[in-house]
Undergrad: 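If you scroll down you'll find the structure; I have some questions about it.
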Amino acid sequence: MTQDPSSHLIKHFFSIGNETKANEHFFGQFSDELHSSKNASSANSKEHDDELTIINDEVLNHLKTIVPELKFRTYFDNSLELKSIDDQIAVFEVKTAFIKKSAENYSEEIAKSLYNVLGTQYEVQINAKDNSDSGAGGMTFGQLRPKDDGKPKSMSGAKFTLDLTPTRDDLKSRVDAEYIEHMNPTKSGIRVDRSKTFDNFIVGPTNNIAQAAAKAVALTPGKEGKYPSLYIHSNSGLGKTHLLHAVANEIAEKHPSYNICLITTRDFMEEMISLMKINKINDFFKKYTERVDVLMIDDIHELKNKEGTQDQFFHVFNEMHNKGKQLIFTSDKNPKEITGISERIKSRLQWGLVVDIQPPDLETRIAILRRKMEALDLYINEDVLTLIASRIKTNIRELEGSLVRLKAVSELMNVEIEVDLVKEQLMFPNSENEKEITIESVAKATAQYFRVPLADLKSKGRNQDITKARHVAMYLARKIVNAKQQEIGAYFGGRDHSSVIHAVNAISDKVKTDSSLSKDINAIESNL
């Protein structure tokens, strides 16, 4: 059997690994010989398939480094397959039309990885194996098939029916795709999202300081304002990025002459590296220090162990700060807790105001769900909203994502959003495994948290610590259990309903300004 010359080259290429510019001539030669072999005899077809597999593996390895893990597993792993490649076009295939739509968002990255492997720029084409996006009228589900009555037919006598009934797997794939897109939005190349404003940011006791600081910056950015440097940190999905977009939108409206740059740390780093390679690092420095008035960098903790980028960031920060420009950063950690960055960077990140965002309390979570429900043009009754809010406590993106999933399921499967559907789709435990929350369980959890005897909460005692714990327990009994004032009063020593109203209102007002009390209430809710 004649050896395909490209086979030898590709084996040589992967034996020596990915080299730098010294191999560019080799890549070009490899690319040319691969193209020339496309008309080889059928005896070489297996070797050709093996070569496509090797190239495909390299593309997947590249995508794995830049695509969120959940998206990679859904859209690419065991799905994306290189079917053919010629002088200009590389044709890939994925399993379904749903995956195709999402995979096409990464066409540029796929083309980039092909260039890294072969040294040639290709146009990327992605096809769906099930062809579900290419039926009559571009329909999403179904395919044309002959109507079979068991009798042989001529072409002229054949009749076709259009099967538009999606399978359960089809529906599940589409629901999963919509949910994943919500949970893992593409962050590369950030553009200001005009829909994220201060008006639709739900303020609660766990994020009010961060919101107020961001609003102050937006109204008076830079050295003229209170916080020329602002650092917001929290766990993922609690609203940091929403605040960045809200600041950008507000400044664009109030200060239209300001040049705003909203960028991720990864994009900041890649921009620096690309300009450094062509000896234009000064252009990078001038862009930020001379042309940008407001610099907002998301996920600044990704500077970790990037010494070269840290050095350039240090100089950019100093120059912008000295010129009185506005700097805003977000992270998943307090600056002093980030490992792998220099002390001089840590100290500068702490020069301005450092604020955190904690997980929202139940009341705020329900308000967030109501806002998202309106945005999705969706109706869900209060019992279902309370169920979702009581189970998903630590991530706003996940909280909103639950409604994205439920809306998709409701529309695609034509079912009502009821408690059983919610438990099934959001994988909440069944009723036999649930712990019922009652006035008594709230009182016990509150007494245990504040370390006071349960009997004291029911007593007539007016000790300050006991009164605080009793008021918190009444507040939670009203909010979580939705018990009536008379029921709550009867449990806590036979008090009348006006005493309960006073206690609930007092805690409701105080929790808006007292972050310590807010954390206490969140902790008790979590224990429940």
Side-chain angles (χ1 to χ4, degrees), residues 65-66 68 184-193 196 207 209-211 213-214 216-218 221-222 225 227-248 251 259-276 281 284-285 287-289 292-323 325-358 397:
T65 65
I66 56 102
N184 297 281
T186 303
K187 289 188 122 182
S188 179
I190 276 187
R191 292 182 179 178
V192 177
D193 185 344
K196 289 182 169 64
N207 63 16
I209 296 175
Q211 187 270 351
V217 165
Y227 314 115
S229 178
L230 175 63
Y231 185 103
I232 304 173
H233 65 96
S234 75
N235 291 335
S236 176
L238 293 182
K240 300 186 301 292
T241 303
H242 186 131
L243 283 179
L244 283 185
H245 288 277
V247 170
I251 292 177
N259 288 321
I260 303 167
C261 178
L262 172 56
I263 193 170
T264 65
T265 301
R266 178 183 294 177
D267 288 340
F268 182 86
M269 179 175 59
E270 289 182 354
E271 181 184 359
M272 184 205 76
I273 292 171
S274 64
L275 289 174
M276 188 176 286
I281 193 63
F284 175 83
F285 183 76
K287 168 189 170 180
Y288 289 100
T289 61
V292 172
D293 299 302
V294 180
L295 175 60
M296 297 185 282
I297 302 183
D298 203 8
D299 293 335
I300 198 67
H301 55 270
E302 290 188 3
L303 282 177
K304 176 181 178 179
N305 299 326
K306 307 292 191 302
E307 294 180 5
T309 308
Q310 286 181 37
D311 187 55
Q312 291 300 321
F313 171 78
F314 174 79
H315 295 300
V316 167
F317 183 103
N318 282 349
E319 186 68 13
M320 293 190 72
H321 189 273
N322 290 338
K323 290 182 175 182
K325 300 191 175 189
Q326 182 65 54
L327 298 161
I328 309 176
F329 310 102
T330 69
S331 173
D332 63 359
K333 295 180 178 67
N334 188 294
K336 59 188 177 185
E337 295 174 352
I338 305 175
T339 59
I341 66 172
S342 65
E343 288 301 321
R344 64 178 185 171
I345 298 292
K346 287 183 182 181
S347 68
R348 277 156 180 77
L349 292 175
Q350 297 177 83
W351 274 3
L353 179 64
V354 177
V355 295
D356 71 332
I357 299 176
Q358 294 294 323
R397 191 176 297 128

Undergrad: With sequence neighbours excluded, what pairs up with Glu271 under the salt bridge (charged side-chain N to carboxylate O under 4.0 Å, His left out) test?
TA: Lys287
Undergrad: To check you understand the geometry: which heavy-atom pair defines the closest contact between Lys304 and Thr339, and what is its length?
TA: CG-O, 3.1 Å
Undergrad: Flag the pair Ile338 / Ile345 as yes when at least one side-chain heavy-atom distance between them is below 4.5 Å, and no otherwise.
TA: no
Undergrad: What is the distance from atom CG of Asn334 to atom NZ of Lys346, rounded to the nearest 0.5 Å?
TA: 10.0 Å
Undergrad: Should Met320 and Leu295 count as side-chain neighbours, where that means a heavy-atom distance under 4.5 Å?
TA: yes
Undergrad: Could you give the distance from CD (Gln358) to OG (Ser234), rounded to the nearest 0.5 Å?
TA: 8.5 Å
Undergrad: Please tell me if the side chains of Ile357 and Ile232 come closer than 4.5 Å, counting only heavy atoms from C-beta onward.
TA: yes
Undergrad: Does the cation-pi check pass for Arg348 over Phe314, that is, NZ or CZ under 6.0 Å from the six-membered ring centre and within 45° of its axis?
TA: no
Undergrad: For the residue pair Val354 and His233, what are the closest heavy atoms and their distance?
TA: CG1-CD2, 3.8 Å
Undergrad: Using the salt bridge (Lys or Arg N to Asp or Glu O under 4.0 Å) rule, take Arg344 and Asp311 through it: C-alpha gap first, then chi angles, then the decisive distance, then the call.
TA: CA-CA 10 Å; Arg344 64 178 185 171; Asp311 187 55; 2.9 Å; yes
Undergrad: Under the criterion side-chain contact (heavy atoms from CB on, under 4.5 Å), I'd like the reasoning laid out for Lys306 against Phe313: C-alpha separation, chi angles, the key distance, then a yes or no.
TA: CA-CA 10 Å; Lys306 307 292 191 302; Phe313 171 78; over 6 Å; no
Undergrad: Identify the heavy atoms of Gly222 and Pro228 that sit nearest to each other, and give their distance.
TA: O-CB, 3.8 Å
Undergrad: For ring-ring contact (aromatic ring centres under 6.0 Å, His included), just list the numbers for Tyr231 and Trp351, CA-CA rounded to whole Å, side-chain angles, deciding distance to a tenth of an Å, and then say yes or no.
TA: CA-CA 9 Å; Tyr231 185 103; Trp351 274 3; over 10 Å; no
Undergrad: For Thr241 and Asp298, which I'm curious about, is there any donor-acceptor pair between the side chains at under 3.5 Å?
TA: yes
Undergrad: Flag yes if more than 12 heavy atoms outside Lys323 fall under 6.0 Å of its NZ atom; otherwise flag no.
TA: yes
Undergrad: Search all heavy atoms of Ile300 against all heavy atoms of Phe329 and return the closest pair with its distance.
TA: CD1-CD2, 4.1 Å
Undergrad: Would you confirm whether Asp267, through its side chain, and Ile263, through its main-chain N or O, come within 3.5 Å as a donor-acceptor pair?
TA: no
Undergrad: Return the minimal non-hydrogen interatomic distance between Gln326 and Ser229, and the atom names on each side.
TA: NE2-N, 3.8 Å
Undergrad: How long is the straight-line distance from CD1 of Ile297 back to CG of Leu244, given to the nearest 0.5 Å?
TA: 10.5 Å
Undergrad: Apply side-chain contact (heavy atoms from CB on, under 4.5 Å) to Ile273 and Met276, showing your working.
TA: CA-CA 5 Å; Ile273 292 171; Met276 188 176 286; 5.5 Å; no
Undergrad: Hey, what do you get for CG (Asp299) to CD (Glu302), rounding to the nearest 0.5 Å?
TA: 5.0 Å
Undergrad: Once rounded to the nearest 0.5 Å, what's the spacing between atom CG of Leu349 and atom CG of Leu303?
TA: 7.5 Å
Undergrad: At their closest point, which heavy atom of Ser331 faces which heavy atom of His301, and how far apart are they?
TA: OG-ND1, 3.2 Å
Undergrad: For Ile209, look at atom CD1 and say whether over 12 heavy atoms of other residues, nucleotides or ligands are found less than 6.0 Å away.
TA: no
Undergrad: Just verifying a value: how many Å separate Tyr288 OH and Leu327 CG, rounded to the nearest 0.5 Å?
TA: 12.0 Å
Undergrad: Any non-hydrogen side-chain atom of Met296 less than 4.5 Å from a side-chain atom of Ile260?
TA: yes
